[in-house]
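Notes for the one structure printed next.
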Amino acid sequence: MIITLKDGSSKEYAQPMSAYDIAADISEGLARMACAAEINGEVCDLRTIVDKDSTLNIFTFNDEEGKKTFWHTASHILAQAVKHIFPDAKCAIGPAIDNGFYYDFDMPSLSREDLDKIEAEMKKIVKEGSEVTAFTLPRAEAIKLMEEKDEPYKVELINDLPEDATISFYTMGDFTDLCAGPHLMNTKAVKFFKLTSSSGAYWRGNSDNKMLTRIYGTAFTKKADLEERLEFLENIKLRDHNKLGRELELFTTVDVIGQGLPLLMPKGVQIIQTLQRWIEDEEEKRGYVRTKTPLMAKSDLYKISGHWDHYKDGMFVLGDEEKDKEVFALRPMTCPFQYYVYKASQKSYRDLPIRYGETSTLFRNEDSGEMHGLTRVRQFTISEGHLIVRPDQMISEFKDCIALAQYCLQTLGVEEDVTYHLSKWDPENKEKYIGEPEVWEKTEQDIRNILNELNIPFTEDVGEAAFYGPKVDINAKNVYGKEDTMITIQWDALLAEQFDMYFINKDGEKERPYIIHRTSMGCYERTLAWLIEKYAGAFPTWLSPEQVRILPISEKHHEYANTVLAKLKAAGVRATIDERAEKIGYKIREARLNKLPYMLIIGANEEESGTVSVRKRGEDGDLGSMEADKFIADIVKEIADKVIN
């Protein structure tokens, strides 16, 4: 048989060979580093026998598939260690994920001390160096094996497999687990690992199911790489908005209020208010007119739009259709409302485009397992807009929406942190969408052409479109690497028909408009979370809830300090004064911990000369003495220019 390798070279063998043996024949070093193989395009174990002409690629830890195999094996070592220490724990699932792995168990929650004990047991397992072996069983025997081991979650998983599925297991030492693989040949390769945290997770991500205990970990082939990863994890804790936002008193959450319903505190509100005023003013400059629409509507509205059929599970419904005369729902978006603003009077082709903007409070019934800080919430506020345009205006207006989004990203200093996605329909699941295939294909191609013309790199995501049209999603990752959509621009050639929207064209006939659904900056809460993590709480001056703090050295300088404070406030600068009877060093340290852009220290010299001693955030922040009026003029300009510092 002839084996064609990744580089195009080939090997010839007279008898069947395992992928591992072929790797060893190529190079002993390659065999030592090998984690998995790809045979004829299918990722598989190194144990897999090759018995015919094939293409072969050997994956090491340097390859994505190699990492997944390495981390998947580490998750099984974790499960084995847990079963040794907590024999009553029930195993659920344990996949490889970005930068590591996790395993879910039905067991009580764990402390850091518990994780340390599990780590120590994992080290023993690795030191023993058990061979990892695979076998398959018929369905009945597979279920019997897992029932004998008292693993109900595994039994459930087997029952969910297709009748003709091959049910495979892996054994290492005294531990056997249901698993499709692939895995390493031996546990001894997983030398450098760390269990990073534990948390709760619903079985299968469904809040109706039992809450399990999830253990996260990471592992590497080199100690230095593990140490680098752990240092990175420590650093991102300093940026985690869920932690830092609370420490800086930007927001909080309360159990009795509810999950996904954060309370924005005065400092957090100040940032969002600054963002909102900026966005609304910018949209007005670009020809938007504002609406204010209800927070709820009858189910009739959502039945017309299609949301009732396609999105009802994601809505908060008030009432029961079988019992109540009228059923309402909190709005998940404002588009149906703004359509009726449009329909309130007849429109001519000369009236278009009409750009409606609204700072909208929306409600979405997110799964409780998905809730996280400010990034995934059930009530949020969004810079929402809907443009009603003639078909011949669609491409130009869509480009302008992208330009507005890019302006917002640039002003916030995050334009380099995003990726663009063309979110398409899934033609294999047509029941999820409205409209004919040719409409979808044309609109997707139009968006593709726009992105290419604007030289914007993008990926295409099947099945991520709205039910009424494709869209551009602008995404960013949080500090833990999870990607969230920050801004969306949707192409809608269908809903005008649903709502009988039209304009009178040049020929005096009724014609359907197109609609663009878009956000300029997206969800304010999610953007705040993004900015907390981007700047580690040290916001640019124009966004900082407190831009200047005046620190008088003693009480006798309070009068002059208050004079400076009054001037700052009159100039629109958000400033405070620290009049506490504390030493100046203590006041400076606290201001630094609060990540304030500027401190003004005032003593006898400053009072006599009408100056302030300026300290700016950062290592080289001592700017020395400056006339108070000069400092005020400088910071006012910095705020007006929205300088990123």
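Note that this is a predicted model, so its numbers are computed, not measured.
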Query raised in the report: Does Pro262 offer a backbone N or O that forms a donor-acceptor pair with the side chain of Thr253 under 3.5 Å?
Result: no
Query raised in the report: Is it the case that Asn99 and Thr218 place a side-chain donor and acceptor less than 3.5 Å from each other?
Result: no
Query - Glu151 side-chain N/O to Cys91 backbone N/O, donor-acceptor pair under 3.5 Å - result: yes
Report task. Give a yes or no on this: more than 12 heavy atoms of other residues, nucleotides or ligands lie within 6.0 Å of atom NZ of Lys117. Result -> no
Report summary line: Hits for ring-ring contact (aromatic ring centres under 6.0 Å, His included) against His372, two or more places apart or cross-chain, chain-then-number order -> His241
Query - Point-to-point distance, once rounded to the nearest 0.5 Å, from CD of Gln410 to CD of Glu416 - result: 9.0 Å
Query raised in the report: With sequence neighbours left out, what residues match Tyr433 under ring-ring contact (aromatic ring centres under 6.0 Å, His included)?
Result: Trp425, Trp440
**Report entry** Residue that, paired with Leu78, satisfies side-chain contact (heavy atoms from CB on, under 4.5 Å) out of Ile118, Leu115, Ile125
**Finding:** Ile118
Query raised in the report: Is the backbone N or O of Ile2 less than 3.5 Å from a side-chain atom of Asp53, with the two atoms forming a donor-acceptor pair by type?
Result: yes
Query - Pairs satisfying side chain to side chain donor-acceptor pair (under 3.5 Å), at least one member in residues 131-149, at least two apart - result: none
Report task. Hey, could you give me each pair passing salt bridge (Lys or Arg N to Asp or Glu O under 4.0 Å) that has a residue in residues 14-30? Not counting sequence neighbours. Result -> Lys11-Asp25
Query - Exercise: do Asn475 and Thr419 side chains pair donor with acceptor under 3.5 Å - result: no
Report summary line: Taken to the nearest 0.5 Å, the spacing of Ile215 CD1 from Ser109 OG works out to 11.0 Å
Query raised in the report: Does anything in residues 170-185 pair up under salt bridge (Lys or Arg N to Asp or Glu O under 4.0 Å), and if so which pairs, sequence neighbours excluded?
Result: Lys154-Asp177
Report task. With sequence neighbours left out, write down each residue that passes ring-ring contact (aromatic ring centres under 6.0 Å, His included) with Phe220, or none if nothing qualifies. Result -> Phe61
Report task. Provide the full list of salt bridge (Lys or Arg N to Asp or Glu O under 4.0 Å) pairs with a residue in residues 86-100, sequence neighbours left out, each pair given once. Result -> Lys90-Asp150
**Report entry** Heavy atoms from other residues, nucleotides or ligands near CD of Glu228 exceed 12 (cutoff 6.0 Å)
**Finding:** no
Query - Pair listing, ring pair (Phe, Tyr, Trp, His ring centres under 6.0 Å) test, anchored in residues 26-49, at least two apart - result: none
Report summary line: From the list His76, Lys127, Met172, Met122, side-chain contact (heavy atoms from CB on, under 4.5 Å) with Thr187 holds only for Met172
Requested in this report: Could you tell me the separation between the CD1 atom of Ile489 and the CD1 atom of Ile447, rounded to the nearest 0.5 Å?
Outcome: 9.5 Å
Query raised in the report: Counting only heavy atoms not in Lys267, do more than 12 fall under 6.0 Å of its NZ?
Result: yes
Query raised in the report: Just checking, is any N or O donor in the side chain of Arg246 or Asn242 under 3.5 Å from an acceptor N or O on the other one?
Result: yes
**Report entry** All pairs passing ring pair (Phe, Tyr, Trp, His ring centres under 6.0 Å) where residues 3-41 contributes a residue, at least two apart
**Finding:** none
Report task. Could you note down all residue pairs passing salt bridge (Lys or Arg N to Asp or Glu O under 4.0 Å) where residues 100-112 supplies at least one of them, sequence neighbours left out? Result -> Asp104-Arg214, Asp106-Lys210, Arg112-Asp116, Arg112-Glu119
**Report entry** Step-by-step side chain to side chain donor-acceptor pair (under 3.5 Å) determination, Ser423 to Asp461
**Finding:** CA-CA 5 Å; Ser423 296; Asp461 301 334; 4.6 Å; no
Requested in this report: Taking the six-membered ring for Trp and the full ring for Phe, Tyr or His, determine whether the centres of Phe105 and Tyr103 are under 6.0 Å apart.
Outcome: yes
**Report entry** ring pair (Phe, Tyr, Trp, His ring centres under 6.0 Å): pairs with one or both residues in residues 111-164, sequence neighbours excluded
**Finding:** Phe135-Phe169, Tyr153-Trp203
Query raised in the report: Taking the side chain from Arg617 and the backbone from Phe539, do they hold a donor-acceptor pair closer than 3.5 Å?
Result: yes
Query raised in the report: Would you find a donor on one side and an acceptor on the other, under 3.5 Å apart, between the side chain of Arg364 and the backbone of Phe380?
Result: no
Requested in this report: Using the side-chain contact (heavy atoms from CB on, under 4.5 Å) rule, pick out the option among Thr459, Leu454, Ile487, Val472 that qualifies with Tyr420.
Outcome: Val472
Report task. Measure the spacing between CE of Met17 and OG1 of Thr48 and express it to the nearest 0.5 Å. Result -> 14.0 Å
Query raised in the report: If we ignore angles and hydrogens, is there a donor and acceptor under 3.5 Å between the side chains of Asn449 and Gln445?
Result: yes
Requested in this report: Quick one: list whatever passes salt bridge (charged side-chain N to carboxylate O under 4.0 Å, His left out) with Glu453, sequence neighbours left out.
Outcome: Lys399
Report summary line: Separation between SG (Cys523) and CD1 (Ile382), nearest 0.5 Å, reads 6.5 Å
